[in-house]
Each structure stands twice: as structure tokens, then as C-alpha cells.
Amino acid sequence: MKKILLMGVAAAALVAGAASAADLKFPPGQDTKFNWKSYDEFKAAHADLKGEPLTIFGPWRGEDEAFFRSILAYFTEATGVDATYSSSENYEQQIVIDTQAGSPPNVAILPQPGLLADLASKGLLTPLGEENSKWVKENYGAGDSWVGYGTYKGKDGKDGYYAFPYKADVKSLVWYVPENFKEAGYKVPTTMEQLHDLTDQIVKDGGVPWCIGLGSGGATGWPATDWIEDLMLRMQKPDVYDKWTTNEVKFTDPAVIAAIDEFGKFAKNASYVDGGVAAVASTDFRDSPKGLFAVPPKCYMHHQASFIPSFFPEGTKLGQDADFFYMPTFAAHADLGKPVLGAGTLVSITKDSKAARAFVEFLKTPIAHEVWMAQSSFLTPYKGVSTAAYANEQMKREGEILTTATTFRFDGSDLMPGKIGAGAFWTGMVDFVGGKSAEDTGKEVQAAWDAIK
Amino acid sequence: MLSQIVSALGVVVVAVFACSAYFYFSNKILDLALPVKDGGMRAATRNLNRRAMIRPWLFLGPALFLLIVYLVYPVIATLILSFYDRSGSSFVGLANYQWAFGDREFRQSILNNILWLAVVPAACTFFGLVIAVMTDRIWWGNIAKSIVFMPMAISFVGASVIWKFIYEYRGGNDVQIGLLNAIVQLFGGTPEVWISVPFWNNFFLMVILIWIQTGFAMVILSAALRGIPEETIEAAVIDGANGWQIFWRIMVPQIWGTIAVVWTTITILVLKVFDIVLTMTNGQWDSMVLANLMFNWMFRGGGDSGRSAVIALIIMLAVTPIMVWNVRRANRELGGN
């Protein structure tokens with residue numbers, strides 16, 4: 001008995017000893033593609049936080065949670081902070097409950113600036129201060145835009161900087177299978193006009209050009225909002241887009257109607273979409289890209305953000321079995337440049353503490369980005385990271401779209417009030433695909449917006 | 001997993017111990033405070049009476065306290081919040097109520113709720129009763145009953161997931177994996193995206209709740225049917241009544257009270273229906289119901305506590321009369337018999 005006990009203790013000791021070292025995915029100082037200097041400097045500057053508690057609430061679950069924990073391990077290792085991460089399937093609801101109940105986490109990470117702006121207006125966020133906004137402006141691609149997405153009105157009605165961007169997605173992408181394109185002799189279009197031509201050409205050749213799936217359970221409709229936003233940026237000046245997200249430009253405005261109609265050209269044409277128009281609203285967005293890989297292909301193109309390869313069939317090699325091209329712009333609107341639509345998660349402090357501040361500092365180190373980049377599913381507009389750290393060529397190209405963007409615009413539906421961006425807009429898109437006209441759809445969404453003013 | 005189980009067990013043990021300790025010691029203290037041993041006969045009787053007066057409150061105390069904290073206080077707080085703006089900080093009078101009755105989505109939800117109320121309790125009770133009567137006298141009746149009762153054990157979300165596969169739609173020339181569409185296709189029809197057909201999708205969602213709740217109605221009604229005195233039925237048979245007449249004129253009147261209870265219980269459940277709609281459509285395609293509308297206003301994008309409070313109050317107002325009626329009826333039956 002005693003022997004077993006001793007062995008147990010020994011085993012426990014071994015496990016405990018191994019834990020801290022094994023938690024770090026890449027041993028500090030070894031791999032030269034990482035910026036270890038930044039890590040060492042951070043470590044030296046924040047050595048006095050040992051044992052401080054830090055609670056982090058974020059949207060990442062499953063695989064992404066594991067990735068984030070691997071980043072967090074570096075933070076804990078460097079500072080000795082006792083950090084705990086938690087998440088919820090319904091994180092948008094959970095954070096509202098937690099903050100209003102007076103038991104917020106120290107740090108909340110959310111992908112919705114609209115929601116954060118709301119929390120800030122209720123005085124539930126702590127301002128991060130000017131030095132952080134300045135840092136983002138200088139170090140991020142299209143830094144001004146990013147600062148804008150973290151600047152909200154506080155309880156006192158004054159503008160403040162509340163949310164630090166960390167981890168981004170690029171949305172202006174069209175996915176395709178290079179082999180299918182090659183076989184049929186199609187070329188990647190560089191203008192929207194060419195994209196229209198290609199779409200028609202595929203139909204003429206007896207194929208189906210697009211796979212579009214708007215299904216997402218209770219969030220059904222959101223993939224269509226990405227389409228509209230991408231098209232808005234390609235048909236209107238960025239400031240029209242900005243005004244649209246704040247409702248200075250109404251949903252009934254001809255500019256918005258035109259973008260919705262432009263989407264309708266693709267989604268409401270039975271010969272353009274796999275499964276016909278009825279399938280658009282009902283196909284789950286996770287299932288939708290699978291049509292690209294069917295033999296013979298059920299469709300040739302799929303408009304979706306950079307995260308979608310997670311839903312490609314297992315074993316799909318990016319670059320070889322599947323690739324993307326930048327959602328092209330209209331030759332007729334050449335003056336609009338090459339806008340990038342994206343999204344991202346924003347880190348804000350919901351309960352101030354030294355450890356929380358240190359965590360934000362930590363996110364400024366290249367290491368906090370590179371370690372996740374090297375594992376997958378992480379893009380960053382941070383110009384100070386080494387792009388060699390990206391896990392593959394595709395991610396590197398997507399990352400470069402972000403760091404070199406001149407016009408970056410955040411997912412519009414995430415900027416709008418939740419009731420619109422995560423409600424009326426989705427429903428409107430579902431109704432639009434279901435047969436409603438763009439005008440009526442615009443009216444409906446606008447009516448919902450008027451109701452919350 | 002194991003740690004959760006251990007801590008859950010720990011909580012149960014501590015709670016049970018704390019409860020018994022509360023009753024034991026509060027009783028002890030009461031006995032000590034009002035002694036009956038010394039002080040003479042009169043004092044003893046007086047103390048004995050006082051004890052009898054206080055003791056029920058002592059035992060009811062925790063329950064009353066919890067009732068106030070978890071029921072009365074929230075209702076009052078909700079009422080107050082309904083007069084305030086979205087963040088609950090400035091008074092807006094009746095603006096939220098005004099909004100509610102002018103809002104298209106709100107009216108849609110009321111309409112849908114009425115639709116649910118009209119169909120689901122009636123259907124559950126009807127099917128429950130029919131199945132209870134029909135399975136009463138056949139040898140495999142109990143097996144049939146178990147099968148009908150089984151969905152009761154499935155959570156609403158679980159049931160919705162199952163039914164999602166029944167309504168599943170595949171586009172174009174794909175093989176339909178949804179049961180309903182497969183049947184439609186078998187008979188030469190065109191497959192539909194069932195849950196996105198406005199108005200009718202309400203009924204497709206209702207079917208799920210009917211499927212779950214019929215078992216409940218059946219079990220209760222079946223028990224009531226067993227309670228009907230054999231003599232009344234025998235007498236009817238001797239008088240030459242047929243099955244139909246026996247059912248409607250003899251059986252139903254005698255279990256009328258139970259039918260009403262089943263009906264109202266399901267009615268209250270329907271007024272609170274939430275999970276099924278959330279899982280299946282989240283209120284899109286005009287299938288919104290009040291509970292989901294309230295949830296959306298409260299928790300989507302920062303939330304609006306004023307408007308969601310109004311919706312919560314309306315749900316409560318709708319449930320209350322049925323509850324009151326139900327409790328009264330139960331009281332009368334207890335007192336009457």
C-alpha cells in the first residue's frame with residue numbers, strides 16, 4: 001500500500017514538473033522564426049505579477065480554445081499570473097449577464113464592436129488609454145480603421161479607446177478548386193465584370209457557378225450580410241459604408257438597395273446556385289463549401305471568410321486542392337481601390353487589474369501573434385510579426401492582405417446594433433432570398449432600426 | 001467530469017445537512033425560548049400555544065424567503081425596469097409599452113403564441129385521450145403507451161434536433177435525407193424547405209411539442225379513466241349505448257376535471273415555449289414567439305432591459321390567470337372530496 005502511495009506521489013510530481021514546460025508549444029529561444037526577444041523583454045518587465053489572478057472570457061471554443069490556451073501559457077510562464085480562460089456557446093449573452101450582474105471577468109474578448117460599444121456606453125468597460133490606441137495606429141495595417149473599431153462613447157458620452165484588436169479574419173475571399181478551374185479552362189477573375197462573365201460562362205458550359213449557404217441555426221442569414229458588405233465596399237466609397245453601419249445612410253438608400261440587388265444577381269438566380277434558390281437559405285454554411293469538392297463539382301466558387309477551410313473535407317491541402325482569390329472589384333469603380341472586408345476579435349478590460357493591463361501589453365509582443373500563426377487559423381494585421389511564422393502559404397497571403405490593406409472595413413453587421421446586425425439584417429437577407437424585393441427588404445430592416453432609436 | 005460529480009455530491013450532502021441542521025436547531029431554540037417545564041401551568045399552556053403559532057413559520061420560513069427572493073422580487077424589479085430605458089437608467093414612462101404594441105415583430109409573436117395556444121394543448125389532450133382510451137383494453141396497450149410516453153424523456157432541444165432531420169432539405173438533385181421530403185419525393189412531390197415556409201412553419205414546430213407532450217396527457221388521462229367506476233359503464237352498456245356514446249356521455253364527463261388540468265398545464269407550457277423555436281428557426285421566417293422575442297431583446301447585442309421587461313410581463317400576465325384558475329380548481333377538488 002505504502003509503495004503504491006509513494007509511486008502515486010512520484011508520478012504526480014513528475015506530471016506537475018512537466019506541465020509548465022510541456023504547455024509551451026515552442027520552447028522559448030529555439031525557433032528563429034519567432035521574435036523571442038520581445039518575449040524576454042516582456043518577461044523582464046512583468047516579473048512582479050506572480051500569483052495575481054486573471055480571468056479571461058472569450059469566444060474561442062474547441063480547437064481555437066486549445067490554440068488560445070497555448071498562447072496563454074506563454075503569458076503565465078512569463079508573468080506567473082494565475083490566468084483562467086472560460087468561454088460560452090452563447091458568449092454574447094453571457095458577457096451581458098456577467099457584466100450587468102457585477103461579476104465580470106477581468107478581460108473580455110469579443111468579435112463584435114457593436115456589442116462592446118454598448119457595454120462601454122453603460123460604463124462596463126475600462127478605457128485602455130491613448131498609448132494603446134497610438135500603438136495600434138502605428139503598428140497595424142490600416143491602423144486608423146482598427147483604432148476606430150475600438151473607440152466608443154463611454155458612460156460620460158466622451159470617446160475613449162476601449163478595445164484592442166487581436167486575431168483577425170479576412171472576408172473578401174472567393175474559394176475555388178484550382179484543378180476544376182484548370183480542367184474547364186477558367187481563369188481567376190480580376191474584376192467584378194469578369195466574375196460576372198465567368199459565372200455566365202460556367203452556366204453556359206453546363207456547370208453551376210456558386211455554392212451559397214446561409215444556414216447557421218439561430219444565426220441563419222449572416223453569410224449573406226458578408227456578401228452585401230463586400231459589395232457595398234466595391235460599389236460605394238468607404239465613408240458611405242461607415243455611414244451605413246451607423247444608419248446615417250439608411251437601409252432604404254439606393255446605395256444599399258443596389259448592393260442587395262447585386263447580391264441577388266448571384267443568389268436569386270436558380271441556374272447560378274447549387275441546389276437552386278430554395279437551397280440558399282436552408283443550406284448550412286458549414287456544408288455549403290463541400291460542393292466545391294464533389295465529383296463532378298456541384299459548384300465552382302464559394303464566397304466566404306478565411307476561416308472556412310476548417311469546414312473543407314478532411315485532408316484538403318490548401319493551395320493544391322483548394323485556393324482562394326481576392327473578391328474582385330468593379331473595373332467601373334476603379335477609384336475605390338482594393339478594399340478589404342474583415343472581422344476580428346477585440347480585447348477589452350471589464351474589470352481593471354494590473355494583470356489585465358499586463359495581458360494587453362502581452363498582446364503587443366509579436367510572440368503572442370506568431371505562436372498562434374504558426375499553429376493555424378490566426379491572421380493578424382500587426383506589421384511587426386514575422387510572416388515566416390504563418391503555418392502555410394495561404395495564411396501568409398491572407399495575412400499580407402491585412403497588413404497591406406489601405407482600406408480595411410470591419411464586418412458591418414458586427415458594427416450595427418445587435419438587434420440589426422445580429423437580427424433584422426439576417427432575417428431580412430433570408431426574406432430577400434426567399435423572394436422579397438430588395439426595396440421591401442431594406443424597408444423592413446430600416447423599420448427595425450427606427451424602432452430601436 | 002469526475003471533479004464535477006464529486007463537487008455536485010458534496011453540495012448535495014452539505015445542503016441536506018444544512019437543512020436538517022436548520023430545522024433541528026431552530027426547533028431547539030424555539031423550545032428553549034418558550035419553555036413548558038417550569039413557570040407553572042398557565043405559562044406552560046401559553047408557551048405551548050405560542051410554539052404552535054411560531055413553528056409553522058419557522059418551517060415555512062426558508063421557502064417563503066426563497067419565494068420572495070426568486071419570485072416576488074424579480075417580478076417587481078421587472079415591472080420597474082419596464083418603465084426605464086434600455087440600460088435601466090432613465091425613466092421613460094410607458095414608451096416601452098407603446099413600442100411593443102406598435103412593433104410588427106411583437107404582434108407577430110402574439111399571433112404565433114395564440115396559434116400555438118389554440119393548437120398544441122388541444123392536440124396533446126385530444127391525442128392523449130384517444131390513445132389512453134384505445135390502448136386501455138388491448139394486450140399491447142402498455143407497450144404502445146411506453147412508446148408514446150418516451151419522448152417525454154427527451155429534452156426540448158434534443159427533440160428539436162431529431163425533428164430537424166425530419167424536416168431537413170437538400171437542394172437540387174441531391175438525395176433527400178429528411179424523412180418528410182423523402183416521403184414527399186416518393187409520392188412524386190417536390191421537396192420543400194419546411195421550416196422556412198411562413199405561417200405553416202409554426203405548425204411544423206408545434207408538432208415537436210405535441211410529440212413530446214402527448215405522452216404526458218396520455219398518462220394522466222389514462223389514470224383518470226381507470227378511476228371511472230365500472231358500474232357506470234356497465235349500466236350504459238346494458239342500456240344499449242354504443243362505444244361513441246360511452247366515450248362522450250359517460251367517460252369524458254367523469255374525467256372532465258382531469259382533462260382541464262392537463263389542458264391548462266400544457267397551456268402554461270406553451271406560453272413559455274422557447275427552446276424549440278430557438279433551436280429550429282430562432283424566430284426567423286415569421287415564427288417568432290414571445291419568449292424568444294424577450295430573449296433576443298435582452299441578450300442580443302448589449303440588450304434592452306426595458307423592452308424585454310415589457311415582454312416578460314406580458315408573458316407573465318398571460319400565464320397568471322391560467323395558473324390562478326388551475327390552483328383554485330385543485331383547491332376546490334381537494335376541499336370538495
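In this text the structure is predicted, and so the values were computed from the model without any measurement. Protein chains get the first letters and strands the later ones, always in sequence-line order, with residue 1 at the start of each.
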(message) So for atom OH, which belongs to B:Tyr70, do other residues, nucleotides or ligands contribute more than 12 heavy atoms lying within a distance under 6.0 Å?
(response) no

(message) Using a 3.5 Å distance criterion without hydrogens, assess whether the side chain of B:Gln284 forms a donor-acceptor pair with backbone atoms of A:Thr220.
(response) yes

(message) For a quick test of reading the model, state the closest non-hydrogen atom pair linking B:Met298 to A:Gln100 and the distance between them.
(response) CE-OE1, 4.1 Å

(message) Heavy-atom cut-off 4.5 Å, strictly under: side chain, backbone, both or neither for A:Glu444 against chain B?
(response) side chain

(message) Return the OG to OH distance between A:Ser282 and B:Tyr167, rounded to the nearest 0.5 Å.
(response) 15.5 Å

(request) Might you point out which heavy atoms bring A:Ala278 and B:Tyr169 nearest each other, and give the distance in Å? (result) CB-OH, 3.9 Å

(message) Within the supplied structure, the quantity of interest is the number of heavy atoms (other residues, nucleotides, ligands) at a distance under 6.0 Å from B:Lys164 NZ; does it exceed 12?
(response) yes

(request) Would you mind checking which part of B:Glu105 comes under 4.5 Å of any heavy atom in chain A, side chain (CB onward), backbone (N, CA, C, O), both or neither? (result) side chain

